[in-house]
Amino acid sequence: MTKILITGANGQLGSELRNLLDERGVAYDAFDSKGLDITDKQAVDAKFDALRPEVVYHCAAYTAVDNAEDEGKQANWKVNEDGTRNVAEAAKRVGAKMVYISTDYVFDGTNPDEYQVDDPTNPKNEYGKAKLAGEQAVKETLDDYYIIRTSWVFGKYGKNFVYTMLRLAKDHDKLTVVDDQFGRPTWTRTLAEFMIYLVDNDQPFGTYQLSNEGSCSWYEFASEILKDKDVEVAPVTSEVYPQKAYRPRHSIMNLDKAENTGFKILRWQESLQKFLKE
């Protein structure tokens, strides 16, 4: 049986991945930041030497996008670049494959079309810059890697836009949501399934982009989330909700490479409804 190690085990994606592996009866070693501080190179090396994993699902990340601009700036870089490099170097030493999760924020969002995997990157916020540096650390260190860029992630196990909308709808008759930022929602279940699929089916190593099929604005996403609730959803521009970190206006990533592996990708509306029924 393949020896698996998971970082970020208690996060939104790590929890989903563990749940999926449990369903399939697959054994793994999983660590949250207390069990494995990925920014501590010695600790990472010791853990990898002791466990000798063959596959590493690197789900640990600093994801507080706005905080990454100031008070969380150092942590953002320590986790997303340095921590990723530590994991990649340890994976190389023990001969493990690595799966690294990246983001649509490596792009600037000015492309009116879909971003191809090989399009030039141009991150405009600290989070995107650090995640891109993590991508580069993986590429520089390993040959046997999968980088998966994703976007607008929602799921059962963490804070996310779906839960926020459902919570706000309980206390408000009307919600306003921006309608000038466009992207692809991603169910953690779909993402976790794709991570395992790449490894288990020996797909070519390299960079992939994976979200659910279709695209929308945040306003359209909110409207679908709340379509059965007694609340009005109204569109507004991004200027109404200024945020510290730059947000790409049009970060729709092309999914052809992922689909060409034979992996079946649900439309975002279908994945949302499945999630809401969980």
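Remark: the backbone N or O of Lys131 is paired with a side-chain donor or acceptor of Tyr100 at under 3.5 angstrom. At distances below 3.5 Å, not a single donor-acceptor pair connects side-chain atoms of Tyr146 with backbone N or O atoms of Lys97.
One finds a salt bridge joining Arg189 and Glu193 here, because a Lys/Arg side-chain nitrogen approaches an Asp/Glu carboxylate oxygen to under 4.0 Å. Salt-bridge annotation for Arg247 and Asp66: present, with a side-chain N of the basic residue lying under 4.0 Å from a carboxylate O of the acidic one. The pair Glu224-Lys227 counts as a salt bridge, with a side-chain nitrogen and a carboxylate oxygen less than 4.0 angstrom apart. Comment: Asp45 engages Arg93 in a salt bridge, judged by a side-chain N to carboxylate O separation of less than 4.0 angstrom. Using a cut-off of 4.0 Å between Lys/Arg side-chain N and Asp/Glu carboxylate O, Arg85 and Glu140 are scored as salt-bridged. Classification of Glu135 and Arg149 as a salt-bridged pair holds, one side-chain N sitting under 4.0 Å from a carboxylate O.
In this structure, Phe205 has its ring center at least 6.0 angstrom away from the ring center of Tyr145. The aromatic ring centroids of Phe161 and Trp218 lie less than 6.0 Å from each other. Aromatic ring centroids of Phe275 and Tyr163 lie under 6.0 Å apart.
Partner of Ser211 under the side chain to side chain donor-acceptor pair (under 3.5 Å) criterion, out of Asp104, Thr186, Thr190: Thr186 alone.
Tyr127 and Ile38 fall into different hydrophobic clusters, where Ile, Leu, Val, Met, Phe, Trp and Tyr are joined by side-chain heavy atoms under 4.5 Å apart, directly or via other members. Ile4 and Phe31 are not part of a single hydrophobic cluster, where members link through side-chain heavy atoms under 4.5 Å apart. One hydrophobic cluster, built from ILVMFWY side chains closer than 4.5 Å, cannot hold both Met253 and Phe263; they sit in different ones.
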Carefully, step by step, assess Ile148 and Ser102 under the rule side-chain contact (heavy atoms from CB on, under 4.5 Å).
CA-CA 6 Å; Ile148 306 172; Ser102 190; over 6 Å; no

I'd like to know whether Trp77 forms a side-chain contact (heavy atoms from CB on, under 4.5 Å) with Glu126, so could you lay out the CA-CA distance, the side-chain angles of the two residues, the decisive distance to 0.1 Å, and finally the verdict.
CA-CA 8 Å; Trp77 284 92; Glu126 291 298 312; 2.9 Å; yes

So Lys264 and Glu259, salt bridge (Lys or Arg N to Asp or Glu O under 4.0 Å) or not? Walk me through it.
CA-CA 7 Å; Lys264 297 288 182 282; Glu259 291 180 320; over 6 Å; no

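Distance CG/Asn80 to OG1/Thr103: 9.5 Å, rounded to 0.5 Å.
Within the structure, side-chain hydrogen bond (donor to acceptor under 3.5 Å, both in side chains) pairs that include any residue of residues 107-116 comprise Asp108-Thr110, Asp108-Tyr115, Asp108-Asn122, Glu114-Arg184, Glu114-Asn254 (at least two apart or interchain).
Counting heavy atoms of neighbouring residues, nucleotides and ligands inside a 6.0 Å radius, atom CD of Gln74 does not exceed 12 of them.
In this view, Glu239 and Thr237, Arg249 satisfy the side chain to side chain donor-acceptor pair (under 3.5 Å) rule, not counting sequence neighbours.
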